[in-house]
Amino acid sequence: IRTTDAKAEAVRPLVERLITYARTGSLAARRAIKAELFDPMAVTKLMDDAANRAGTRTSGFVRITKLPARPGDGAKMVELEILFTPLEAAPAGDADVKVRRAKKTEV
């Protein structure tokens with residue numbers, strides 16, 4: 001999404017919090033998301049798709065990339081990007097993390 005820097009900085013914490021809630025998958029998280037998003041389809045999609053695609057990532061779901069200023073008024077423009085791991089790569093990444101954690105605890 002291309003938007004101004006101020007709008008992106010305002011939206012980023014909201015999106016981060018909603019995705020973090022969705023990853024838990026609990027009923028309380030669903031209700032917290034529903035309090036922010038009033039569309040039931042958006043809540044379902046966030047709980048089902050976004051939570052699965054987040055993979056092992058615990059934070060930093062949103063990337064803000066700076067773009068050239070808007071020609072009309074010179075406003076700072078940015079591109080907002082949600083970072084998800086591809087669905088095919090998520091299980092392999094989970095296994096690697098578990099192996100690394102197991103090695104650390106054994107030593």
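The structure presented is a predicted model; accordingly, all values stated were derived computationally and were not measured.
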Fill in: Check against side chain to side chain contact (heavy atoms under 4.5 Å, CB included), T3 and V78
CA-CA 6 Å; T3 185; V78 296; 4.3 Å; yes
Worksheet item: When rounded to the nearest 0.5 angstrom, what distance separates CZ in R53 from CG in L83?
Response: 11.0 Å
Discussion item. Tell me every residue that passes side chain to side chain contact (heavy atoms under 4.5 Å, CB included) with A29, counting only those two or more places apart in sequence or in another chain.
Written reply: Y21, T24, S26
Discussion item. The criterion is side chain to side chain contact (heavy atoms under 4.5 Å, CB included); which residues satisfy it with T44, sequence neighbours excluded?
Written reply: R30, D48
Fill in: Any pair counted as salt bridge (Lys or Arg N to Asp or Glu O under 4.0 Å), so long as it reaches residues 63-72, sequence neighbours left out
R63-E81, R70-D73
Worksheet item: What pairs of residues pass the salt bridge (Lys or Arg N to Asp or Glu O under 4.0 Å) test when at least one of them lies in residues 32-45, not counting sequence neighbours?
Response: K45-D49
Worksheet entry | Atom CD1 of I1: over 12 foreign heavy atoms under 6.0 Å | no
Item to complete: Please indicate whether R17 has more than 12 foreign heavy atoms, meaning atoms of other residues, nucleotides or ligands, lying under 6.0 Å from its CZ.
Response: yes
Worksheet item: Other than M77, what residues sit in its cluster of Ile, Leu, Val, Met, Phe, Trp and Tyr side chains whose heavy atoms are under 4.5 Å apart, directly or through others?
Response: L67
Discussion item. If hydrophobic residues (ILVMFWY) are linked whenever their side-chain heavy atoms come closer than 4.5 Å, directly or via other members, who joins F38 in its cluster?
Written reply: none
Discussion item. According to salt bridge (charged side-chain N to carboxylate O under 4.0 Å, His left out), who are the partners of R31, at least two apart in sequence or on a separate chain?
Written reply: none
Response to the item:
Between A69 and G74 the two heavy atoms that sit nearest each other are CB-O, 3.8 Å
Practice prompt. Search all heavy atoms of A42 against all heavy atoms of L37 and return the closest pair with its distance.
Written response: CB-CD1, 4.3 Å
Worksheet item: Is a donor on one side and an acceptor on the other found under 3.5 Å between the side chain of E16 and the backbone of V62?
Response: yes
